[in-house]
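Take a look at the structure set out below.
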Protein chains: 2
Amino acid sequence: MLRISPELAAEGASRSPGLVERRLLHEEVVGRLRDMIVQGELAPESKLNERVLAERLGISRTPLREAIKYLASAGLVELAPNRGAKVAPLKPEKVKEIFVVLGALEALAGDLVCRNANDADIAEIRALHYEMLAHHARGDLAAYFRCNQRIHLKLVERAGNATLAQVYGSLNAYVLRARYIANLSRGRWDKAVKEHEEILDALVRRDGARLKLLLRDHLANKLVLVMEALGHAPESAPAQPAAG
Amino acid sequence: MLRISPELAAEGASRSPGLVERRLLHEEVVGRLRDMIVQGELAPESKLNERVLAERLGISRTPLREAIKYLASAGLVELAPNRGAKVAPLKPEKVKEIFVVLGALEALAGDLVCRNANDADIAEIRALHYEMLAHHARGDLAAYFRCNQRIHLKLVERAGNATLAQVYGSLNAYVLRARYIANLSRGRWDKAVKEHEEILDALVRRDGARLKLLLRDHLANKLVLVMEALGHAPESAPAQPAAG
DNA sequence: TTTTTGTATTATGAATGCAAAATCAGTGGA
DNA sequence: TCCACTGATTTTGCATTCATAATACAAAAA
C-alpha cells in the first residue's frame, strides 16, 4: 500500500528551509480532516467510515483513527462506541453557547490587542480590511468571508496570548461551518462592513473599551445571521453579559 | 492478554441501571491519564513510554496512543515526532496566558450564573462553601483545595453554558497541576477564604457585576500564588483587561 | 402485510507485527 | 578528559490482523 498520498505529502512542504520536514501522519490527517469539515466537504452528521476515508487519504486506519480522536477532543467530531465517528452536528443550541463564549474571548482580545499590538500589526490588519472592502465592492461574498475571517483571526492572534488564539480558533471552527450555509442580504452585508469600519477605527485609536463593545455587537449580529441560516429565528437574545 | 484491568472496568460503573455500561477503552484511558497528570502522578515533562504505560494499564499500545492524541489536543500532552509524547511542561508564560483567559471565562460565568442559576444551585454552592470553611478551620489544606476547586467548577457549570464549562475545565486542568506544588501561608489562606465569603455573598444577592470583579481579583491572587510556587515572581502584573 | 428472528456482511476496537528513527553503550582518537 | 563515531538496543509510527459488535437482509411467524 502507498505510504502517503501525493496531496498529503505536498501539503506540509516548505516550512523552514534548513530543516527537514518532519510531521506525523496523523497530524497531516488532522489538518486535512479539519479543512474538510470546516469547509463543508464533510457535512455535519456525516459518518466517517474509517475504511473508506483511509483509502481516500492513502493511509491505514491507525493514523486516521488517531486523527479522529484528536478532532473529537476539539469537538469537531463525535464518537459513538462501536458505532464509529461522525462530524459533529451543527446544533443551534451549541452555536449559541459558543457565540457567548466567543464574545467573551473577542472582547478580551480587543482589550489586549489595543495594548500589545504594535504599529506593524495594526497596519497588517488595516491592509486586510481594505482587501475585504475590495471584495465587498466586487460583490465577491466567498472572498469577503475568507478575508473577514482572516481579520478576526489576526486580531485575536495579535492580542499576544497564544492560548486565547488557540481556544478561539477551536471554538470558531465549529461555528465556521455555518458560514457556508449563510447567504447575506445586501443590506446586512453593508451593515457588517460598516461595523468593520468602526472596529478598525477603534483599533487604530487603540480604544480597547470601545473595541470590546464593537466586537461584541458585531458578534451578536453574526449570531443572528447564523441562526437564520440554520433555520432558527433567535427567539430570545442569547444570554449576553451586561456591557459594563 | 487481559481485555481490561479491573480498576479501569470499575471506574465507569453504575450509570442508569437498565443499560449496559458501554465505554471505549481509550476513553477510560483518557480519564485515567488526565487524573494521573493533573494529580501530579505523572509529573510535567515526564516522558510517556508507550510500552511501559500500556503494560501498566493492562492494554495494548493502540488505545493508549489514541488517548494520548486526545490529550494532546487538549494541551495536557505534547507530541514530538518520532520521539513520543511527554506531559506538557508547566511553563510560567503559558500559565499566565491561561489565567488571563480563565479570568475572562470566570467573569462571564459569574455574569451568567447570576441570571441562570436557580435557588437550588446556589444552595448547593453555599453548602460547598461551608464545607470548605470546615476544611479551612481544621487546617486540612488538601481537602480545602479539592473543595475550593469543586466550588469554582460548580459555579461555572451552573452558568448554564456547557461549552463554557468544558473550555474552562480544559484550561483549568493545565494550571491545576501547579496546585500540588503550591504551599499556602496562613495569611494568604485566610485572605482567600475571605474572598470566597464575598463571592458567595455576591452570588446569593445575584449581583453579577460585583461577582465578576470578585472572581477576577480572586483569580489574580491565585495567579500570584501559582507563579510563586513555580519560582517565578510575577515581575509585572499580567495583562488584565480594565475592570470596566 | 407486518413483525420478528436468525444469519451473513460489514465496521469498529484492539492487539500484534514490522520497519524506521532515536537513544544508548562502548570504542577510538584528538 | 572530552568528543566523535559506530553498532546494538529501544522506541516510535504505521500497517496489518483478529475479535466482537452493529447492520442489513432474508425467511419465518403472527
Side-chain angles (χ1 to χ4, degrees), chain A residues 1-9 11-12 15 18-33 42 45-73 77-88, chain B residues 1-9 11-12 15 18-33 42 45-73 77-88:
Chain A
M1 174 162 282
L2 271 75
R3 294 282 298 175
I4 189 171
S5 76
E7 309 162 273
L8 282 183
E11 186 181 327
R15 288 245 184 272
L19 292 143
V20 216
E21 193 51 36
R22 172 179 292 267
R23 273 178 89 186
L24 293 164
L25 202 40
H26 87 263
E27 284 180 2
E28 304 272 356
V29 176
V30 163
R32 176 64 81 91
L33 280 182
L42 286 173
E45 309 256 17
S46 62
K47 197 164 149 35
L48 300 179
N49 185 306
E50 295 181 358
R51 195 173 42 77
V52 171
L53 255 181
E55 209 160 311
R56 181 163 161 198
L57 295 171
I59 58 173
S60 83
R61 282 173 54 214
T62 307
L64 172 62
R65 284 174 61 86
E66 291 177 352
I68 287 174
K69 300 303 178 294
Y70 192 98
L71 291 171
S73 174
V77 155
E78 282 184 5
L79 306 176
N82 294 318
R83 211 160 302 182
K86 67 174 180 182
V87 178
Chain B
M1 172 160 284
L2 273 76
R3 295 281 299 172
I4 190 171
S5 76
E7 311 161 272
L8 283 183
E11 186 179 327
R15 288 245 185 273
L19 290 123
V20 253
E21 192 53 34
R22 172 177 294 268
R23 272 177 91 186
L24 260 38
L25 201 41
H26 89 263
E27 283 179 2
E28 305 272 356
V29 176
V30 163
R32 176 65 79 90
L33 280 182
L42 287 173
E45 309 257 17
S46 62
K47 196 164 151 31
L48 300 179
N49 184 306
E50 295 180 0
R51 196 172 41 77
V52 172
L53 255 181
E55 208 160 310
R56 182 162 160 199
L57 296 172
I59 57 173
S60 83
R61 284 173 53 214
T62 306
L64 172 62
R65 284 173 61 86
E66 292 177 352
I68 287 173
K69 300 302 178 294
Y70 192 96
L71 291 171
S73 174
V77 155
E78 282 184 4
L79 306 175
N82 294 316
R83 210 162 300 184
K86 66 175 181 184
V87 178

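Order of the sequence lines fixes the chain letters, A, B, ..., with proteins taken first and strands second; residue numbering starts at 1 for each chain. Just so you know, these numbers use all the heavy atoms, side chains as well, and skip hydrogens, waters and symmetry mates. Remember, predicted model here, so these are calculated numbers, not experimental data.
Residues from residues 45-54 of chain B lying near DNA chain D, meaning a heavy-atom separation below 4.0 Å, are B:K47, B:L48, B:N49, B:E50, B:R51 in numerical order.
Between A:R32 atom CZ and A:R56 atom CZ the span is 8.5 Å, to the nearest 0.5 Å.
Closest non-hydrogen pair, B:E66 versus A:K69, comes out as OE1-CE, 3.5 Å. Annotation for A:L64 and A:A54: closest pair CD2-N, 3.6 Å, computed over non-hydrogen atoms. Heavy-atom minimum distance, B:L42 versus B:L33: CD1-CD2, 4.0 Å.
Under the side-chain contact (heavy atoms from CB on, under 4.5 Å) criterion, B:A72 pairs with A:Y70, B:V77, B:L79, not counting sequence neighbours. Applying the salt bridge (Lys or Arg N to Asp or Glu O under 4.0 Å) rule to A:R51 yields no partners; only residues at least two apart in sequence or on another chain are considered. Annotation: salt bridge (Lys or Arg N to Asp or Glu O under 4.0 Å) contacts of B:E78 (sequence neighbours excluded): none.
When distances run from any side-chain atom of B:R61 to the nucleotides D:dA15, D:dT17, D:dC14, the shortest one goes to D:dC14.
Protein atom CG of B:N82 is 6 Å distant from nucleotide atom P of D:dG13, rounded to whole Å. Protein atom CD of A:E27 is 10 Å distant from nucleotide atom P of D:dG13, rounded to whole Å. Nucleotide D:dA19 holds its P atom 20 Å from the CG atom of B:L24, rounded to whole Å. Straight-line distance from the NZ atom of B:K86 to the P atom of D:dT11: 18 Å, rounded to whole Å. A straight line from CD of B:E28 to P of C:dG13 spans 14 Å, rounded to a whole angstrom. D:dC14 atom C1' lies 13 Å from atom CD of B:E66, rounded to whole Å. One interatomic measurement links the two molecules: CD of A:E55 to C1' of D:dT16, which rounds to 15 Å at whole-angstrom precision. Atom NE2 of A:H26 and atom P of D:dT12 are 14 Å apart (whole Å).
OP1 and OP2 of D:dT12 both lie 4.0 Å or more from every side-chain N or O belonging to B:R65. An OP1 or OP2 oxygen of D:dC14 is reached within less than 4.0 angstrom by no side-chain nitrogen or oxygen of A:T62. Residue B:R83 places at least one side-chain N or O closer than 4.0 Å to OP1 or OP2 of C:dT23.
Residue B:A85 is classed as having no contact, given no heavy-atom separation below 4.0 Å to the nucleic acid.
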